[in-house]
Colleague: 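The structure follows.
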Amino acid sequence: MAGALLSIRDLHLTMKSFDGEAHVLNGIDLEVRRGEIWGLVGESGCGKSLTGLSISRLVPSPPARYARGEILFEGSDILTLPMRDVEALRGKRIGMIFQDPTTNLNPVYRVGEQLVDVALAAASHDPSVLDCAANAGRRERRRAARRLAAEMLGRVGIPDAKTRLDNYPHEFSGGMRQRVLIAMALIGRPDLLIADEPKTALDVSVQAQILKLLKGTVADHDIGVILITHNLGVVAQTCTHVAVMYAGNVVESGPVARVIEDPAHPYTRALMAAIPTKESRRGSLNGLGGRVPNLIAPPPGCRFSPRCPLAQPDCTRAVPPSVAVGRDHWTACLRAKEIEGVAHV
Amino acid sequence: MTQITDPIPADTARPRGDGLRRAMFRFRQSRLSMIGAGMVAVVLFFTLFGGLLAPFPEHVAGGVDTANRFDAPSLAHPFGTNELGQDVLSLVMAGTTVSVLAGFGVVLIGSAIGTLVGAIAGFVGGWTDEILMRLTDLTLTIPGLILAMAVAAALGPGFANMVIAISLSWWPGYARLVRGEVLAAREEVYVTAARAIGAGPGRILFRHILPNVLSPIIVKMSLDMGFAILTVAALGFIGIGVRTPTPEWGTLLSLSRSYMPDYWWTAMAPGMAMFLAVFGFNLLGDGLRDILDPKARR
Amino acid sequence: MSEPILRIENVSKIYGARRSLFGHTSEVQALKDVSIAVNKGESFGLVGESGSGKTTLTRSILHLETPTSGRILFEGRNLAEMSAVELRRLRARVQIVFQDPYASLNPRMSVQDIVTEPMLVHHRTLGLDRRQRRDRAAELLSLVGLGTQHLTRYPHEFSGGQRQRICIARALASGPDLLLLDEPTSALDVSVQAQVLNLLCDLQDRLGLTYFFISHDLAVVRYLCDRVALIYRGELVEEGDTDDIFDAPNSDYARMLIGAMPEVRVPSTAT
């Protein structure tokens, strides 16, 4: 099997706070190959965003501390690389999209200038990004960067890209700003793209366009994508694989079709049962009681056990190991055998 | 089956008073804020008890000891004596009361007027806002000390008059700050929610808006304390402050001016006292800003 | 057919067109000839994306804003013609739950103060004394699934879902007939959203409330609402029974929205 683009192994992250040390990531395992779109889903506070930020070492430390584990990007461990090398990876090999278009573009600069800056920064690590001689003058490099910026804007579906470069962010609509952000992330020709969805949902039509664009990008450039979202619907329609996170653990992972058709973890089932569908009758929705536990003193054993309808005494004894329930389909649940085959909602 | 009352554990919400403990924790994290708080505590202590603890209370009351004029610092007089043979340490200790209380008075009155003006301007808006803010701008165009001097000259010297004089040049800063904060708070969703409930303007302003703009006002008050003390001293220095023999830092400094640099100790003690008080209040203000900053909360 | 509880007749709202020192701002038409009737006891869904005029319409119903033209009638009475006293009484009967439970509670007020505030404000209409207000606050909290021990707590001590329950309790405090729900679940996790939706269903059955539910989440609207109206750039695009619209949308806009719904379906082209 070809080497993974990104491979997170047994990642432990703790955060120090007033109340004590919170174990926010508790042994994350994740492997992303080129051409795959991974969805990271779960409730707020399950560590999805922190996992994404860890990949580009953007979690401030202290208070954060990586207790154990490694994040291998094409074989080299991001956690032990010198900061200069990580910075080189960030703009260039690993693209990040923080999908809050209102705050992630600097309002006082024209969109073009911001894109050119990113292009020049990427070129300083890898001159081949710009289509000009390596020893070209500043002027020429800027012109090449501008050409590239216009090309990228066009590629993410912004009409009349050349003139739009001279617009300010506020002259773009929400959806267009999203596209600018994606263009910005793609400009350094990343191999891995990490997209974090905003807390409050986007307009459905905008969201649909963006996801389509993301899918197209993966197909065109053969890159890997990690999509952080709380919407299982988005995952079902966009991703090839999904990792369900709960309280700092990946509780289930596998190909989207398998996980959604036959979820093997009670938490995944609960998340799916909470989504109103065409068939659900008024008042019949199954909410999930309780809330994500306090990570300073997490429940012993399986962290989901206090909210789990299938929990047995042995669930609280030790963290359940990941077991395969199908091809590439893993779940960290002792009751996985019992769930299997049980018709779900 | 409708399942509506999902179990919400009682312990999910934190006990009351925990917020305060958290704030204290954050405050203690910063050593400078703690030093500032300590310095302010010392200053406040002398404000209350400085006159009582002074080693030479008779000097504080105006007594002179011409035999010991301009004694250099010694064990009996750690900061020496002045031109009248009075113990400088006693005078500075007793002077804390007037200087700090005057500073307090100025900040309190100034912030009260400013908050009122700013809150009304920001909340009512329209012409009221225009008129009040132009008035504020007008006050700002006159240099504070000059205005205070003019008012003090008109009212005559004395403690209360001095405080009023400075306060009258002090409020515009608060008015501007509060107006801005009120304008922002007015657009908060919970204010809209209160309006949707049918709450009247008074209730909205005093119950929903003002409590939420209090933090920046408190921070500004603390940061202003130092400057207010300096202004009080400046008025004392140019002779419009309290009358001698009541000791006050500015007056003490002013009197010792003519004996510099030979009898440097007469100026050093009041100068150091002022420096420490101003520095302490500024550090405390910075610390308060850190814990009261709305962005750090939530 | 009886008089609808809420009738919106040809309402338009134009913003801007103000002359200022630096030239004049161009006008924006937020609502364009919108007419909607909401019947007593039903759940009416208003679907639109950002900038569609949903918020303007909500604010107009609450009389926080006056339409440029058209009328808004509550039980057949025009809001614009109501006296101050009548408007005050109206506020007790039309209440709102906002989208963001983190922003819509005053951080300096305890839960008890928050929930009793509407009773204080409408003291003349409701006539509850201090004790009764306290009891009613406790009753409301248990109605929304919280306990009396939460009365003395402050908003920051609660999770998003719990805060939204507090908001609902506050909205119910003055005994309203019509509840405007402005995206009440879009800031919540799905698991919590399901609980709040169930709570809303249950409350409607128990208290006979009328819901005016504003959302951009079609799945939630389909789940909760009897009838739906779609609004796009200030104009009403389509209106009808929920099932009809979802099964056979007439307008392109409705078709596009429904097509873009991110539903949990197994993708047919999955590998």
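In what follows, every chain begins at residue 1, and chains take the letters A, B, ... in the order their sequences are listed.
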Colleague: Look at the side chain of C:D189 and the backbone N and O of A:E43, then say whether any donor-acceptor pair between them is shorter than 3.5 Å.
Modeller: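 No, the answer is negative, given that no donor and acceptor are paired below the 3.5 Å cut-off.
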
Colleague: Near A:R34 CZ, under 6.0 Å, is it more than 12 heavy atoms from other residues, nucleotides or ligands?
Modeller: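 Check passes, neighbour count above 12.
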
Colleague: If you count heavy-atom pairs within less than 4.5 Å of chain A, which of C:A219, C:S159, C:S43 leads?
Modeller: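 Of the options given, most contacts go to C:S159.
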
Colleague: side-chain contact (heavy atoms from CB on, under 4.5 Å) between A:L271 and C:V190: does it pass, once the steps are laid out?
Modeller: CA-CA 7 Å; A:L271 281 185; C:V190 265; 3.9 Å; yes

Colleague: Give, for atom CD of C:Q193 and atom CD1 of A:I275, the distance between the pair rounded to the nearest 0.5 Å.
Modeller: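 Reported value, rounded in 0.5 Å steps: 9.0 Å.
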
Colleague: Where on A:A274 is there a heavy atom nearer than 4.5 Å to chain C: the side chain, the backbone, both, or neither?
Modeller: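 Both parts, backbone and side chain.
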
Colleague: When rounded to the nearest 0.5 angstrom, what distance separates OG in C:S191 from CE in A:M272?
Modeller: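 Going from OG on C:S191 over to CE on A:M272, the span is 14.5 Å.
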
Colleague: Using 0.5 Å steps for rounding, measure from the CG atom of A:N231 to the CG atom of C:D217.
Modeller: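 Between A:N231 CG and C:D217 CG, I get 8.0 Å after rounding to 0.5 Å.
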
Colleague: Non-hydrogen atoms of chain A under 4.5 Å away: do they reach the side chain of C:E183, the backbone, both or neither?
Modeller: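 When you check distances to chain A, no heavy atom of C:E183 falls under 4.5 Å.
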
